[in-house]
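A note on names: the letters A, B, ... follow the listed sequences, proteins ahead of strands, and every chain is numbered from 1.
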Protein chains: 2
Amino acid sequence: MEGMDTTDYFESYEDLEIHQLMLSDVARNKAYKKAIEDNAKEIKGKTVLDVGAGTGILSVFFAKAGAKKVYAVEASNVYKIAEDVVKENQLSSVIEVIHGKVEEIDLPEKVDIIVSEWMGFYLLHEAMLDSVIFARDKFLKEGGLMFPESATLYSAACSVPSMFEYWNNVDGVSMRCFGEKLRQKASQKPITEQIDPENILTDPENVLWLDLREVTAEDLNNIKIQQLAVANKEGTYQGICLWFTCNFPSYGTEPVTLSTDPEEEETHWKQTTIVLPTQINVEKGTPLAYELGLQRCNENNRRYKIEVTMLDPDEIEHPEFCNCYLTKCILVRAMLEKYEKDSLPN
Amino acid sequence: MEGMDTTDYFESYEDLEIHQLMLSDVARNKAYKKAIEDNAKEIKGKTVLDVGAGTGILSVFFAKAGAKKVYAVEASNVYKIAEDVVKENQLSSVIEVIHGKVEEIDLPEKVDIIVSEWMGFYLLHEAMLDSVIFARDKFLKEGGLMFPESATLYSAACSVPSMFEYWNNVDGVSMRCFGEKLRQKASQKPITEQIDPENILTDPENVLWLDLREVTAEDLNNIKIQQLAVANKEGTYQGICLWFTCNFPSYGTEPVTLSTDPEEEETHWKQTTIVLPTQINVEKGTPLAYELGLQRCNENNRRYKIEVTMLDPDEIEHPEFCNCYLTKCILVRAMLEKYEKDSLPN
């Protein structure tokens with residue numbers, strides 16, 4: 001995955017077009033807005049820190065929901081737009097825009113709530129979460145709220161026809177060699193593409209669950225997990241699709257989830273897919289095993305290296321109740337089902 | 001509009017992703033394919049030159065349609081993929097891939113047909129047409145065919161809500177200042193965006209019609225035209241939308257048109273829109289006058305400068321039969337209608 005150093009990072013975020021893209025992401029805006037409005041009772045009279053406030057939209061949501069004070073911290077020159085947005089919404093008495101890195105600024109008080117839209121592609125790309133964690137440890141009151149409060153990264157095996165079948169027949173022309181070149185390139189850099197839910201071949205597996213009230217930057221350095229997924233339909237296994245969800249605090253109301261699941265409304269994050277060098281035909285029940293690694297290139301760097309290693313599904317442990325077609329799992333399943341039946345009250 | 005020098009041009013075209021985008025453009029592929037298949041009788045046994053062959057797909061279409069020989073000339077390293085595509089389709093005996101600029105290569109013969117997909121954004125961006133003209137003058141037999149044979153550039157007044165209204169209320173937040181920044185940026189660089197046909201406010205006017213059998217590179221240096229358009233509905237005039245169509249030769253069959261009209265299937269060219277600094281409310285019949293200039297920065301350059309100047313509709317000549325609401329035109333229209341009625345046979 002292409003990374004950028006800290007300087008580039010801020011230059012890139014100054015780009016209006018990126019903010020245009022984010023502000024035009026309806027699912028993103030709506031999730032934050034609803035989570036904030038639903039928690040208006042908890043927010044009323046409270047202090048809020050918006051980490052990486054950008055154009056200030058989340059700060060305005062909080063001010064409108066009744067926050068007493070919002071500190072909108074933005075390191076890039078976009079802070080100037082945030083200032084204009086605050087004025088335009090006549091919220092200068094509530095929102096204070098602070099130009100600086102959250103690691104280098106000071107606040108006159110600790111805050112009740114931290115909000116941030118820190119999520120990158122496959123959740124961790126650009127690693128803005130580090131800044132949110134720093135801000136939490138320095139500025140959040142004991143027991144304060146985090147918006148979002150938790151995040152989950154998922155993986156699932158999938159088909160990627162745009163990288164495989166499409167090139168077998170492009171309006172009657174065989175262009176397999178072009179597909180090969182695309183896949184060679186994709187082997188160095190995962191693709192960002194909206195995946196048709198029809199092309200997801202397994203139930204999603206958790207890669208990572210983050211409690212944002214407790215996670216540390218170190219927890220994000222080296223994520224490595226072995227996945228065993230079972231194909232829930234016939235298909236062609238061509239890639240590993242990654243997506244994430246975020247949950248917001250909730251008191252009595254249905255918790256709001258921002259989801260980048262292929263089944264949900266498209267967001268600007270789409271999904272991130274690691275394309276396999278060759279495809280594998282699977283049938284319903286085929287066990288698929290792989291190791292997924294997300295490793296930060298070094299601690300001062302916002303770049304991650306994503307690696308997928310295929311594993312032999314015979315050689316890794318299957319869950320107790322596994323739907324795969326290996327004899328061992330079929331036997332265990334039959335036994336467990338019998339046990340369950342026998343233990344039912346007559 | 002961002003331009004690039006010749007070196008960048010080829011480096012950019014080596015980018016697989018651009019070719020992926022073009023090869024995934026269904027409307028583009030289908031139009032060339034149909035035009036070529038419909039003309040199979042004219043193509044059988046003929047020689048073809050493909051200028052800027054890229055991955056070679058158009059050359060394969062011609063070979064499959066019965067061409068005797070196709071010279072596929074490609075200056076960038078993509079020629080290697082074209083070679084693989086030719087082999088993969090077992091057409092090595094018909095298609096000869098030549099690595100080089102068409103201005104610097106030699107062919108053993110003149111050809112019957114020249115094909116090229118030279119069109120850039122707003123038709124002229126990147127000015128690859130210069131190379132096609134050069135190739136035509138040097139390599140095309142007298143009376144040979146050009147695919148495409150003609151091209152038309154259109155302009156129409158339009159609304160661009162993504163640059164105006166959207167920012168009045170982004171999920172309850174007023175972000176007009178952000179919209180202003182976007183428009184400032186757009187004033188230096190037209191936007192490439194698919195325009196909803198609902199947002200086109202006038203009938204399209206021709207900016208340029210090119211007969212590709214005759215056009216010269218000089219014809220493309222400085223295009224300047226005064227347009228008088230009449231709003232055919234109520235709306236907000238916020239930009240000038242540009243798009244193009246290309247026509248292919250036809251003998252007896254319905255001619256094939258490749259269109260990037262907002263009304264038609266989306267293509268990778270979308271439309272190019274010059275965003276106005278401020279918006280103007282119009283009603284049905286409002287005359288809108290502007291001068292549109294497309295000027296090549298200098299003759300060795302593939303860059304164009306696009307300029308729009310608003311004109312006073314009272315001060316430029318209206319067509320004889322004008323639908324606008326100015327008294328002069330209403331009177332002329334009434335007179336002409338009366339004349340027409342009077343001259344009808346009883």
Side-chain angles (χ1 to χ4, degrees), chain A residues 14-17 19-20 22-26 28-34 36-37 54-61 63-65 78 80-91 162-163 166-186 189 191 193, chain B residues 14-17 19-20 22-26 28-34 36-37 54-61 63-65 78 80-91 162-163 166-186 189 191 193:
Chain A
E14 282 172 30
D15 194 333
L16 277 175
E17 281 183 10
H19 284 281
Q20 182 182 16
M22 295 195 296
L23 291 168
S24 305
D25 184 337
V26 175
R28 166 194 180 268
N29 295 351
K30 291 260 182 290
Y32 274 91
K33 191 182 187 206
K34 184 164 192 327
I36 293 164
E37 288 180 347
T55 55
I57 189 169
L58 304 182
S59 293
V60 174
F61 288 160
K64 288 186 176 238
V78 173
K80 292 176 192 162
I81 292 179
E83 286 184 336
D84 289 345
V85 167
V86 171
K87 275 182 216 144
E88 195 176 317
N89 290 275
Q90 301 176 305
L91 291 167
S162 66
M163 301 296 277
Y166 185 78
W167 307 103
N168 295 349
N169 183 337
V170 183
D171 293 290
V173 180
S174 176
M175 303 198 86
R176 287 179 176 84
C177 59
F178 189 80
E180 263 168 46
K181 294 279 173 213
L182 281 179
R183 294 195 294 278
Q184 272 172 26
K185 190 161 166 263
K189 182 175 178 284
I191 60 170
E193 184 179 300
Chain B
E14 281 174 29
D15 193 333
L16 276 174
E17 282 183 9
H19 285 280
Q20 182 183 16
M22 294 194 297
L23 291 168
S24 305
D25 184 337
V26 174
R28 166 193 180 268
N29 296 351
K30 291 260 183 290
Y32 274 91
K33 192 182 186 205
K34 185 164 191 328
I36 292 165
E37 287 179 348
T55 55
I57 188 168
L58 304 183
S59 292
V60 174
F61 288 161
K64 287 185 178 239
V78 173
K80 291 176 193 163
I81 293 180
E83 287 184 336
D84 288 345
V85 167
V86 170
K87 275 182 215 145
E88 197 176 317
N89 290 275
Q90 300 178 307
L91 291 166
S162 66
M163 301 296 277
Y166 185 78
W167 307 102
N168 295 350
N169 182 338
V170 182
D171 292 290
V173 180
S174 175
M175 303 198 84
R176 288 180 176 82
C177 59
F178 189 81
E180 262 168 47
K181 293 281 171 210
L182 280 180
R183 294 195 294 276
Q184 271 172 27
K185 192 162 165 260
K189 182 176 178 284
I191 60 170
E193 184 179 298

**Student:** Within this structure, what is the NE2-CG distance for the pair A:His19 and B:Leu182, rounded to the nearest 0.5 Å?
**Tutor:**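 Atom-to-atom, A:His19:NE2 and B:Leu182:CG are 11.0 Å apart.
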**Student:** At a 4.5 Å cut-off on heavy atoms, which part of A:Lys33 comes close to chain B: side chain, backbone, both, or neither?
**Tutor:** side chain
**Student:** Go through the atoms of A:Tyr32 and report whether side chain, backbone, both or neither lie under 4.5 Å from a heavy atom of chain B.
**Tutor:**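 Nothing of A:Tyr32, per the 4.5 Å heavy-atom cut-off to chain B.
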**Student:** In terms of heavy-atom pairs under 4.5 Å, which option from B:Leu91, B:Asn89, B:Thr55 contacts chain A the most?
**Tutor:** B:Asn89
**Student:** A:Phe178 and B:Gln20: which non-hydrogen atoms are nearest, and at how many Å?
**Tutor:**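 It is CZ-N, 3.6 Å.
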**Student:** Which heavy atom of B:Ile57 sits nearest to which heavy atom of A:Val173, and what is that distance?
**Tutor:** CG1-CG2, 3.9 Å
**Student:** In a check of side chain to side chain contact (heavy atoms under 4.5 Å, CB included) between A:Met175 and each of B:Asp84, B:Ile81, B:Val85, which one passes?
**Tutor:** B:Val85
**Student:** Is chain B contacted by the side chain of A:Lys87, its backbone, both, or neither, given a heavy-atom distance below 4.5 Å?
**Tutor:** neither
**Student:** Name all pairs fulfilling the salt bridge (Lys or Arg N to Asp or Glu O under 4.0 Å) condition that reach into residues 170-180 of chain B, sequence neighbours left out, sorted by first residue then second.
**Tutor:** A:Lys30-B:Asp171
**Student:** Quick one: closest heavy-atom pair of B:Tyr166 and A:Ser24, and the distance?
**Tutor:** OH-CA, 3.4 Å
**Student:** Quick one: pull up NZ in A:Lys80 and SG in B:Cys177 and give me the separation to the nearest 0.5 Å.
**Tutor:**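 Rounded to the nearest 0.5 Å, the NZ-SG separation comes to 13.5 Å.
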**Student:** Tell me, out of B:Ser162, B:Gly179, B:Gly172, who's got the most heavy-atom pairs with chain A below 4.5 Å.
**Tutor:**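 If we count pairs closer than 4.5 Å to chain A, B:Gly172 comes out on top.
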